[in-house]
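Report on the structure given below.
Reminder, nothing fancy here: chain letters follow the sequence lines and each chain counts from 1.
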Protein chains: 2
Amino acid sequence: MSLKHALLGIISYHEMTGYEVKQFFDSSVQHFWNAELSQIYPTLKTLEENGFVAKRVELQENRLNRNVYEITETGREEFLRWLRSPAPPADLRDPFLIRIFFGVQAPVEDVLIILRRQMEEQQKVLAFSETVLRDRIRDSDKHPHHGTKNSLFWSLTLELAIAYRRAYIDWCERSMSLLEEGFLDAPVAEPEPAAAAPSSAESA
Amino acid sequence: MSLKHALLGIISYHEMTGYEVKQFFDSSVQHFWNAELSQIYPTLKTLEENGFVAKRVELQENRLNRNVYEITETGREEFLRWLRSPAPPADLRDPFLIRIFFGVQAPVEDVLIILRRQMEEQQKVLAFSETVLRDRIRDSDKHPHHGTKNSLFWSLTLELAIAYRRAYIDWCERSMSLLEEGFLDAPVAEPEPAAAAPSSAESA
DNA sequence: CATCTCATGTAATCAGTTACATGATTTC
DNA sequence: GAAATCATGTAACTGATTACATGAGATG
């Protein structure tokens with residue numbers, strides 16, 4: 001499980017509560033990873049059982065006590081071991097491509113519509129990455145626990161995300177052009193005058 | 001769940017057993033989706049309960065009977081409805097990027113090593129996509145159930161996968177260059193003559 | 001004689017999301 | 001007075017993988 005190691009990595013910067021870990025996720029690695037609090041809390045517990053982190057309870061008045069986790073020496077070793085261990089290339093798992101794959105089964109116009117919509121969504125994500133997220137990294141230089149070197153690695157991950165979105169958008173454009181060409185070659189959807197009105201069934 | 005619709009899409013070509021569906025996965029959509037038999041069989045069952053597919057049992061001698069599934073009219077309607085419905089952009093979930101993100105915590109040489117290894121793995125996937133998979137599409141034109149139009153959509157999905165791998169490889173190269181430059185700027189890992197030998201602990 | 005293909009499933013486990021439950025303090 | 005922030009968790013469910021179980025026929 002990568003989450004365990006992601007948590008170790010985060011806590012290795014400095015001690016943190018589960019809640020703070022979640023904030024870290026939302027403000028920094030959210031473009032390639034995410035985790036809910038309901039997953040973070042139990043994972044911290046098992047990490048503690050494994051001896052990779054140590055818990056310290058900070059008593060508070062009139063509100064829930066804070067469980068502050070700190071990385072242990074074995075935790076740090078385990079994290080570094082994992083960091084250098086080989087990672088098989090992540091496979092693409094994209095539900096949108098399922099739609100495209102079966103595109104013959106719908107009118108070309110409809111496929112063009114979903115392609116355009118997908119492109120727009122991807123553009124939104126890209127825009128967000130290129131503005132908000134990049135600025136966030138720039139600002140992080142000023143903060144403690146996040147020196148310039150650290151933000152170099154942070155931007156590397158962001159640049160991959162950006163490259164991916166750009167490639168996706170380009171692909172949408174190329175696909176739309178191709179389909180428009182193909183549409184001209186074989187105008188199946190046009191209302192033909194005589195006979196054989198192709199109704200829904202038995203196209204297989 | 002996308003699997004349900006993927007199965008509907010596959011079965012909409014022509015009736016099939018669960019085993020054949022798995023073969024279809026392995027030979028055509030494997031570059032962006034996968035499913036195990038242990039997931040396919042129960043899913044076909046629920047699809048049947050929903051009335052989207054109909055099961056017919058083909059008796060066989062001396063071996064297990066074949067459960068052949070055929071799409072129903074409602075199944076086809078549901079599939080087309082889903083096909084045109086909007087798909088939110090898939091988010092990148094890449095464990096390798098977690099390693100890079102925390103790259104400061106390891107010697108630069110080690111990060112360069114994992115980057116190179118990742119690049120090589122991505123190149124293998126790319127090579128496979130550009131040879132085997134492309135050929136497979138070309139050959140599919142001759143087969144029944146898979147006309148030229150169908151293979152157009154098939155190649156579209158493959159081209160996205162290829163574009164993604166290429167972008168990934170480029171990014172690996174750029175990242176390695178950047179890190180090599182940065183390494184020259186700040187040679188932290190070099191054996192310094194005097195004092196302060198930085199041993200493992202308290203770097204946070 | 002071993003391995004692959006055909007053909008079906010169940011059980012256990014893992015990873016992740018959504019919903020539920022609680023409650024004080026701060027900000028708008 | 002409502003909503004967001006801080007802070008903890010559990011329970012239910014979904015989606016996917018791995019392991020288990022069975023067994024005939026074909027290929028090498």
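Here the nucleotide nearest the side chain of B/Asn34, chosen from C/dC6, D/dT17, D/dT5, is D/dT17. The B/Glu20 side chain lies nearest to C/dA7 when the options are C/dA7, D/dT17, D/dA16. Residue B/Gln39 has its side chain nearest to D/dA16 when only C/dG16, D/dT8, D/dA16 are considered. Among the nucleotides C/dT17, C/dT8, D/dA7, the one closest to the side chain of A/Tyr41 is D/dA7. Here the nucleotide nearest the side chain of A/Gln60, chosen from D/dA7, C/dT17, C/dA7, is D/dA7. The side chain of B/Glu36 has D/dT17 as its nearest neighbour among D/dG9, C/dA24, D/dT17.
Judged by distance alone, the side chain of B/Ser155 and the main-chain N or O of B/Ile137 form no donor-acceptor pair under 3.5 Å.
Using a 4.0 Å heavy-atom cutoff across all strands shown, A/Gln23 reaches sugar-phosphate atoms only and no base atom.
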Check against side chain to side chain contact (heavy atoms under 4.5 Å, CB included), A/Asp110 and B/Leu83 = CA-CA 9 Å; A/Asp110 288 10; B/Leu83 187 63; over 6 Å; no
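One N or O donor and one acceptor, one from the side chain of B/Ser38 and one from the base of D/dT18, sit under 3.5 Å apart.
Atom CG of A/Asn67 is separated from atom P of D/dC6 by 16 Å (rounded to the nearest Å). In this entry the distance linking NZ of A/Lys22 with P of D/dT8 reads 14 Å, nearest Å. Counting to the nearest Å, the C1' atom of D/dG9 and the NZ atom of A/Lys55 are 11 Å from each other. Going from atom CG of B/Asp26 over to atom C1' of C/dT5 covers 13 Å, rounded to whole Å. In this structure, B/Glu48 places its CD atom 10 Å from P of C/dG9, rounding to the nearest Å. For the pair B/Asp91 CG and C/dG16 P, the computed distance is 12 Å after rounding to whole Å. In this entry the distance linking NZ of A/Lys45 with P of D/dT8 reads 13 Å, nearest Å. When rounded to the nearest whole Å, the span between CG of A/Leu44 and P of D/dT10 equals 12 Å.
Take the nearest nucleotide of DNA chain C for A/Ser2 and for B/Tyr69: the residue whose nucleotide is more 5' is B/Tyr69.
Within 6.0 Å of CZ on A/Arg84 lie more than 12 heavy atoms contributed by other residues, nucleotides or ligands.
Looking at B/His5, B/Glu78, B/Lys55, B/Lys4 one by one, the single match for side-chain contact (heavy atoms from CB on, under 4.5 Å) with B/Leu47 turns out to be B/Lys4.
Contact check for B/Leu7 versus B/Phe25: side-chain heavy atoms found under the 4.5 Å cut-off.
Under 4.0 angstrom from either OP1 or OP2 of D/dG25 there lies no side-chain N or O belonging to B/Arg63. Between B/Asn62 and the phosphate of D/dG25, there is a side-chain N or O to OP1/OP2 separation shorter than 4.0 Å.
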